[in-house]
Amino acid sequence: MTRNIPEKPSLEGLESKWGAVWEEDGTFRFDRTKTRDEIFSIDTPPPTVSGSLHMGSVFGYVQTDAHARYRRMSGKEVFYPMGWDDNGLPTERRVQNYYGVKCDPSLPYDPDWTPPAEPSDPPVAISRRNFVDLCHGLTQEDEKVFEDLWRTMGLSVDWTQTYATIDHVSQRTSQKAFLENLARGEAYSQDAPVLWDIDFQTAVAQAELEERDRGGAYHRVAFHRPDGTPLYIETTRPELVCSCVALVAHPEDDRYQPLIGSTVTSPLFGVEVPIVAHELADPEKGTGIAMICTFGDTNDVTWWRELDLPTRAVIQADGRLQETVPDWLSGHAADVYSEIAGLFANQARRRMAELLTEAGDLDGEPREIMHPVKFYEKGDRPLEIVTSRQWYIRNGGREDELRKELLARGEELHWVPDFMGVRYRHWVEGLNGDWLISRQRYFGVAIPLWYPVSDAGQVDYESPITPDFDSLPIDPTSHVPPGFDESQRGQPGGFVGDPDIMDTWATSSLTPQIAGHWVDDIDLFQRVFPMDIRPQGPEIIRTWLFSTTVRSHFEHGELPWHTATINGWILDPDRKKMSKSKGNVITPMPLIEEYGAEAVRYWACNGRPGVDTALDMGVMKIGRRLAIKVLNASRFALGFSDVDVDESAINMPLDRSMLAVLAQAVSTATSAFEAFDYARALETAERSFWEWTDDYVELVKTRAYEGGPDAESAHAALQVALSVYLRLFAPFLPFVTEEVWSWWREASVHKASWPRVDEFAGLTDDAAVLEIASRVVGEVRRAKSDAKTSMATEVTRVTLIGSAEEVENAKRAEDDILGAARAKSIQYVEGEFAVEVVLVEQ
RNA sequence: GGGCGUUUAGCUCAGUUGGCUAGAGCACUGCCCUUACAAGGCAGGGGUCGGCGGUUCGAGUCCGUCAACGCCCACCA
C-alpha cells in the first residue's frame with residue numbers, strides 16, 4: 001500500500017471520523033461462531049441512565065475498554081455488550097420531576113393522555129400504565145445521551161449487543177430466574193417487619209441502607225412500678241411510648257436483675273408491660289434499661305422476635321401515626337393518643353415531650369445528641385419499620401451453610417486489586433437477613449405471581465399461582481393466570497395478581513444471563529458464560545457483585561465470571577469524592593470538547609486499578625500532547641519512503657539495538673496487561689516512546705536523510721518501531737493510532753495483532769549500543785545547554801571516557817553519534833565514564 | 001467501635017519479588033525556530049519517601065506502633 005501522509009496532521013475530528021468508520025465496518029462486532037475458549041467476555045456494568053453523567057462514569061468504562069482492546073488484539077473474540085439500567089426508582093423519580101406527575105395505581109389507563117409541556121406543580125396523578133409509558137419514553141432519550149458519550153469516548157462495544165434492564169429479554173430473564181428460585185425454595189415470601197421508606201412507600205433491602213448522622217435527643221422517661229416508684233429509661237423516640245411492649249435489661253445487670261419478671265406501667269398510657277432480659281441490652285447505654293417498641297429500630301425487631309412479644313404498631317406506611325386509637329389504649333390513654341394521632345413521627349415526638357413534661361414523667365430537659373440513623377440511600381427521611389408481606393431470596397444471611405458457600409465463591413473469584421475481596425467477605429459475614437427483593441413501586445419487572453382467593457374471600461399467599469415460562473414476561477395486574485378469566489380478579493374463588501415489582505438489583509443481578517441471552521439463545525450463552533471479567537465500582541460490591549454471585553450460584557452452580565476488576569473512586573480536583581449532594585460533580589462533555597477524547601482516556605488509564613484518582617486536567621494535557629506527538633513522530637518515521645521497506649535492510653547496530661530496547665518494552669507492557677494493569681502498560685509504552693523520540697530518532701536522523709543502504713536500515717527500523725508503538729498505544733489512544741495506521745495500512749489497527757517479542761527475532765542487537773550513544777549525545781546536549789548555545793552548534797571534538805565495553809559499543813554507532821552531536825570527531829579514552837566536549841577550536 | 005485503602009518534589013502521581021547518587025509530568029529557571037513536532041524541543045533547580053521504633057550488610061519497599069485523610073461495615077435505647 002502506498003503511504004499517504006498529511007502535511008499537517010491534526011487531532012481535530014478524529015473521534016467522529018473513526019467512530020463512523022468502525023460503525024460502518026463493524027470493527028467491534030462480535031463473531032458468535034467462536035467457541036468459549038476463543039472468546040473474552042465482559043459483563044459490562046449497565047449505567048443508571050436516569051443518573052447524572054459525570055467523570056466517574058467515564059473513568060471505569062475507559063479502563064475496561066483499554067483492556068478489551070488489548071484482548072481483542074491478542075487474538076480473542078471480545079464479547080463486549082452494553083446495557084442500560086433504566087429499571088427502578090431512579091427512573092420513576094426522574095419522570096416525576098421531569099414531567100410533574102405522580103403515579104396513582106387506582107386510576108384507569110388513558111390512552112390519549114400526553115404529558116404537560118411544562119412540569120406540572122402540583123404533580124398530576126396518572127395511571128400506572130401511563131406512568132410506566134413515560135418511564136419508557138424518557139429512558140430511551142437518556143440512553144441516547146449515554147450512547148453518544150460512549151461512542152465519543154471510543155468504547156469498543158458491540159452496539160448490536162445492547163440491552164436495557166426493563167426490556168423484553170431482561171424481564172423474561174428476571175421472571176424466569178425468580179420462578180426457578182421459587183421452585184427450588186430459594187425464594188419465599190414472609191409477612192414480617194421490614195425497613196420502610198415512608199416517602200417512596202416501599203420496603204428497602206439491607207444493601208440499600210446507609211447511616212447518616214442526625215441530631216436527636218435522649219429523653220429520660222419514667223415508667224412506674226406497681227408501688228409507684230419511677231423506673232427511668234432513656235429514649236430518642238418518646239413518640240413510641242404508646243407502642244412499648246416491654247422494658248429490657250441485660251440479664252447480668254445487677255441493677256435491674258431483681259426486677260426481671262415484674263411489670264411496670266407506661267407513662268401517660270398506663271399500659272402494663274413486663275421487664276425482660278436479653279444480652280443485646282447494653283448496660284452502658286442510657287440508663288441500662290431500654291424500652292422495646294414495635295418497632296423503633298432493628299433491635300426492637302430482634303427482641304420482639306426472640307422474646308416473643310406482642311405487636312403494638314402505630315406507624316403507618318406513610319410515616320404517620322395511625323388516626324384511630326389503637327385497641328390496647330382506652331380511657332385517658334385514648335385521649336392522650338388523640339394528641340399525637342395522624343402526626344409524623346418527628347411531630348409526635350415533640351408533642352409527646354410536652355405531654356410527658358406536663359405529666360411529670362420527663363426527667364429534666366431532653367439531652368441533644370448526634371446519632372447514626374438509617375436511611376434508604378436514595379431517601380430523605382429516616383426509615384421506619386412497617387410490617388408487610390414481602391418476597392425474599394436466600395443469600396446466606398440466615399443460613400450458615402449457604403453463607404459458607406457464598407464466602408467460598410468470594411475466595412474463588414480473582415479480584416483485581418486483590419484487597420477488594422475483603423469487602424465482599426465482610427459484607428457476606430455481616431449479613432443479618434435474606435435479600436428482600438419486592439418493592440411497592442411501579443416501574444420495574446413484576447413479580448410474576450398470582451394468589452388464589454378462597455371462597456370466603458381470603459387471599460392465600462402461601463400457594464402462589466405461577467405462569468408458564470413461555471408466557472413470560474407477564475404483568476399479573478393485567479394478565480390472567482392459566483385457568484382463570486379476568487372477571488375472577490379479586491373475587492371469592494378467583495385470584496389476585498401480585499402488585500409489586502422486583503428491586504432493580506433482582507434484575508441486574510442477572511446481567512450475564514441477560515447479555516448472554518440465557519432465556520432465548522442458549523447457544524450464545526454457552527459461548528460467553530461464565531464471563532471473563534466483571535468490571536465495576538467498589539461501592540456496589542455489596543449489591544451488584546454479591547447479588548450476581550448469588551443468582552449464578554443458585555442457577556448455574558458456579559461463579560458468573562473468573563475475575564472482578566474493581567475501579568477506584570473519582571475525586572474532584574480538591575480530592576473530595578464527587579457526589580451530587582456536594583454539588584461538585586463534573587460532567588465529561590465539556591472536558592472532552594476541551595482536551596479531546598483521547599486526553600480524557602489517557603487520564604482515566606493513568607489511574608491505577610482500584611486506586612482513587614483525582615480529576616486532573618494537567619494529566620489530560622499530557623495525554624493530548626502525547627497524541628500530537630504520535631502524529632508528528634509518525635510523519636517523520638514514515639516520511640522517507642512511499643512504500644514499506646524490507647526488514648532485511650535493518651543491519652546497523654544502533655537500529656538493531658533500538659529494537660532490542662523496544663522488545664523489552666513490549667514484554668513489560670504485555671505482562672502488565674495480563675495482570676489487568678492497563679496503567680502500567682500505558683506507562684511502559686509512553687516512557688519507551690518518549691525515549692525513542694528523544695534519543696533514537698535524534699541519533700538516526702542524520703543517517704536517515706543521507707540515503708543509501710545505511711539509511712534504508714534506519715527507514716526500516718523506524719517503520720518497524722512505529723508499527724509496534726501504534727499497537728502498544730492502540731488500547732489507550734484508539735483514534736490517533738487508527739489515523740496513523742490508515743496512512744500506510746489497510747485494515748484497522750484494532751484488529752492488528754498485539755506486538756509480540758518474537759516479532760523482533762533476528763532484528764536485535766545489544767541494547768547497550770543505543771544506551772551509550774544516548775548518554776554521549778545527552779552529555780553533548782548538556783554542554784551546549786550550559787554554553788547557552790543552539791543544539792545545532794557544531795562540536796569540534798568529543799572525548800568519551802569509558803570502559804572497554806562502553807567504548808566498543810559507542811564505536812559501533814560512531815557515525816550516528818557524530819551526526820546527532822554535530823561533531824567532527826570523537827576520541828576514546830579508557831576510564832570512569834565521562835564525556836568531554838569541545839565546542840569550538842581552542 | 002471494627003475493617004480496607006491512602007500518605008513519596010509546591011501540585012498530580014510512578015516506584016513489580018528490599019540493592020548502586022529516589023523517578024515522571026505539571027509548575028518554576030535557563031537556553032534553542034536543530035529539515036516530525038514552538039499549543040514544541042533541550043538542559044536545570046527542587047524530596048528528613050507521614051511520625052516513632054524494629055529486622056537487615058542494606059528499608060520508600062518487610063515488621064510493630066501512632067497520626068491524618070478517604071471509603072466500607074456496625075444494635076437509632
Side-chain angles (χ1 to χ4, degrees), chain A residues 5 8-9 209-214 216 218-219 221 233-237 240 247-248 280-282 285-293 296-303 369 371-374 382-383 385 417 419-423 425-427 429-430 432 538-539 541-542 568-569 571 573 575-577 603 606-608 610-619 621-626 628-639 668 671-672 675 677 679-680 683 686-687 690 693-694 697-698 701-702 704-705 718 778 781-793 820 822:
Chain A
I5 304 163
K8 257 296 193 194
L209 300 184
E210 67 182 32
E211 301 208 340
R212 301 180 196 162
D213 275 330
R214 281 293 178 273
Y218 277 126
H219 297 69
V221 174
I233 58 108
E234 285 200 334
T235 180
T236 56
R237 303 203 60 177
L240 292 178
L247 300 191
V248 63
L280 232 49
D282 183 353
K285 276 196 180 165
T287 59
I289 187 164
M291 140 177 114
I292 302 175
C293 309
D297 63 34
T298 51
N299 245 348
D300 285 338
V301 178
T302 306
W303 282 323
I369 53 155
H371 63 162
V373 179
K374 280 190 170 63
L383 292 171
I385 292 171
F419 65 80
M420 291 291 182
V422 177
R423 301 193 185 190
R425 195 177 79 231
H426 287 167
W427 174 252
E429 284 171 348
N432 54 30
E539 78 285 11
I541 290 173
R542 66 176 182 167
W569 281 113
L571 308 173
R575 292 200 66 77
K576 294 280 185 298
K577 181 184 161 186
W603 161 77
N606 251 282
R608 254 59 192 171
V611 174
D612 297 347
T613 303
L615 190 62
D616 188 344
M617 321 312 172
V619 174
K621 284 182 190 163
I622 300 164
R624 185 174 176 80
R625 206 178 54 147
L626 175 63
I628 293 170
K629 190 84 173 174
V630 168
L631 285 177
N632 287 318
S634 300
R635 208 173 89 79
F636 171 79
L638 297 176
T668 305
S671 52
D677 193 346
R680 209 157 81 84
E683 187 192 28
E686 186 186 10
R687 177 183 301 253
W690 223 261
T693 60
D694 285 353
V697 167
E698 293 303 322
K701 237 175 211 175
T702 310
Y705 279 113
L718 284 166
R781 283 202 285 242
R782 190 208 306 267
K784 290 180 181 176
S785 191
D786 288 348
K788 297 188 190 300
T789 181
S790 162
M791 292 297 148
T793 305
R822 303 286 174 108

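In the text below, chain A, chain B and the rest are named by the order of the sequence lines, each starting its count at 1.
- Within the 4.0 angstrom heavy-atom criterion, no nucleotide atom of any strand lies near G607(A).
- Put simply, OG1 on T302(A) and CG on N299(A) are 5.5 Å apart, with the number rounded to the nearest 0.5 Å.
- Between the CG atom of D616(A) and the C1' atom of rC26(B) there is a distance of 8 Å, rounded to whole Å.
- Residue D677(A) is classed as having no contact, given no heavy-atom separation below 4.0 Å to the nucleic acid.
- The C1' atoms of rU16(B) and rC28(B) are separated by 33 Å, rounded to the nearest whole Å.
- Pair check for rG18(B) finds none; no Watson-Crick or G-U wobble contact set falls under 3.5 Å.
- Between the CG atom in L247(A) and the CE atom in M291(A) there is a gap of 8.5 Å [rounded to 0.5 Å].
- rA74(B) atom P lies 7 Å from atom CG of N432(A), rounded to whole Å.
- Within the nucleic acid shown, T789(A) comes within 4.0 Å of sugar-phosphate atoms alone, with no base atom in reach, counting heavy atoms only.
- Residue V697(A) is classed as a base contact, given a heavy-atom separation below 4.0 Å to a base.
- Along RNA chain B, the nucleotide closest to E683(A) and the one closest to S790(A) are compared, and the more 5′ of them pairs with E683(A).
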Could you walk me through whether R423(A) and E539(A) satisfy the salt bridge (Lys or Arg N to Asp or Glu O under 4.0 Å) test, starting with their C-alpha distance in whole Å, then the side-chain angles of each, then the deciding distance to 0.1 Å, before giving a yes or no?
CA-CA 10 Å; R423(A) 301 193 185 190; E539(A) 78 285 11; over 6 Å; no
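- Side-chain atoms of K701(A) never come within 3.5 Å of backbone atoms of A820(A) as a donor-acceptor pair (strictly under, hydrogens ignored).
- Taking the C1' atoms as reference points, rU8(B) lies 9 Å from rG15(B), given to the whole Å.
- Comparing the same atom, C1', in rC57(B) and in rC20(B) gives a spacing of 14 Å after rounding to whole Å.
- Across all strands shown, the partner of rG70(B) is rC4(B), judged by Watson-Crick or G-U wobble contacts whose two distances both fall under 3.5 Å.
- For the pair R624(A) CZ and rG25(B) P, the interatomic distance rounds to 20 Å; values are reported in whole Å.
- Taking atom CD on E686(A) and atom P on rC26(B), their separation rounds to 11 Å, with Å as the unit.
- Using Watson-Crick or G-U wobble geometry with both donor-acceptor distances under 3.5 Å, rA43(B) finds its partner in rU29(B).
- rG25(B) and rC42(B) are spaced 9 Å apart, taking the P atom of each and rounding to whole Å.
- Contact record, A792(A) with R822(A): O-NH1, 3.7 Å, taken as the closest heavy-atom pair.
- Contact annotation for M791(A): base contact, defined as any heavy-atom pair under 4.0 Å involving a base atom.
- Residue E698(A) is classed as a base contact, given a heavy-atom separation below 4.0 Å to a base.
- No contact: A679(A) has no heavy atom under 4.0 Å from any strand.
- Remark: the separation of the P atoms in rC63(B) and rC4(B) is 13 Å, to the nearest Å.
- Comparing rA14(B), rC73(B), rA38(B) by their nearest atom to the side chain of V611(A) picks out rA14(B).
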Tell me, with the steps shown, if H371(A) and T236(A) meet side chain to side chain contact (heavy atoms under 4.5 Å, CB included).
CA-CA 10 Å; H371(A) 63 162; T236(A) 56; 3.9 Å; yes
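- Listed candidates were rC73(B), rC76(B), rC4(B). Nearest to the side chain of D297(A) is rC76(B).
- Checking rA14(B), rC73(B), rC75(B) against every side-chain atom of W427(A), the shortest atom distance belongs to rC73(B).
- RNA chain B is contacted by both R782(A) and V422(A); V422(A) maps to the nucleotide lying nearer its 5′ end (nearest heavy atom per residue).
- Remark: E686(A) does not engage K629(A) in a salt bridge, criterion side-chain N to carboxylate O under 4.0 Å.
- Distance CZ (R687(A)) to P (rU16(B)): 12 Å, rounded to an integer number of Å.
- Rounded to whole Å, the C1' atom of rU12(B) lies 22 Å from the corresponding atom of rU48(B).
- The side chain of R781(A) lies closest to rA43(B) when the candidates are rA43(B), rC37(B), rC73(B).
- Within the nucleic acid shown, R625(A) comes within 4.0 Å of sugar-phosphate atoms alone, with no base atom in reach, counting heavy atoms only.
- Comparing rC75(B), rC42(B), rC76(B) against the side chain of N299(A) picks out rC75(B) as the nearest.
- The base of rC76(B) has none of its N or O atoms less than 3.5 Å from a complementary donor or acceptor on the side chain of K374(A).
- Among rU12(B), rG70(B), rC76(B), the nucleotide with an atom closest to any side-chain atom of V373(A) is rC76(B).
- Atom C1' of rC49(B) sits at a distance of 16 Å from the matching atom of rA24(B), rounded to the whole Å.
- Nucleotide rA59(B) has no partner under the Watson-Crick or G-U criteria, as no pair reaches both atom distances under 3.5 Å.
- Atom CZ of residue R214(A) and atom CD1 of residue I369(A) lie 13.5 Å apart, to the nearest 0.5 angstrom.
- Contacts of I233(A) with the nucleic acid, taken as non-hydrogen atoms under 4.0 Å apart, are absent.
- In this structure, K629(A) atom NZ and rG25(B) atom P are separated by 12 Å, rounded to whole Å.
- Considering CG of L209(A) and NZ of K374(A), their distance stands at 6.5 Å, rounded to 0.5 Å.
- Of the listed nucleotides (rA74(B), rC37(B), rG3(B)), rA74(B) has the atom at the smallest distance from the side chain of E211(A).
- Nucleic acid contact class of K788(A) (heavy atoms, under 4.0 Å, all strands): sugar-phosphate only.
- Across rG5(B) and rA43(B), the matching C1' atoms stand 39 Å from one another, rounded to whole Å.
- At a threshold of 4.0 angstrom between heavy atoms, the contacts of K701(A) include nucleobase atoms, whether or not backbone atoms are also involved.
- The nucleotide rA9(B) finds no pairing partner, because no Watson-Crick or G-U wobble arrangement with both distances shorter than 3.5 Å includes it.
- Among the atoms of the strands shown, base atoms are found under 4.0 Å from some heavy atom of R680(A).
- Following rounding to the nearest Å, R423(A) (CZ) and rC71(B) (C1') show an atom-to-atom distance of 6 Å.
- As a whole-Å value, the separation of R822(A) CZ from rG41(B) P is 18 Å.
- Here I369(A) lies in heavy-atom contact (under 4.0 Å) with sugar-phosphate atoms only.
- Between the base of rG44(B) and the side chain of S785(A) there is no donor-acceptor pair shorter than 3.5 Å.
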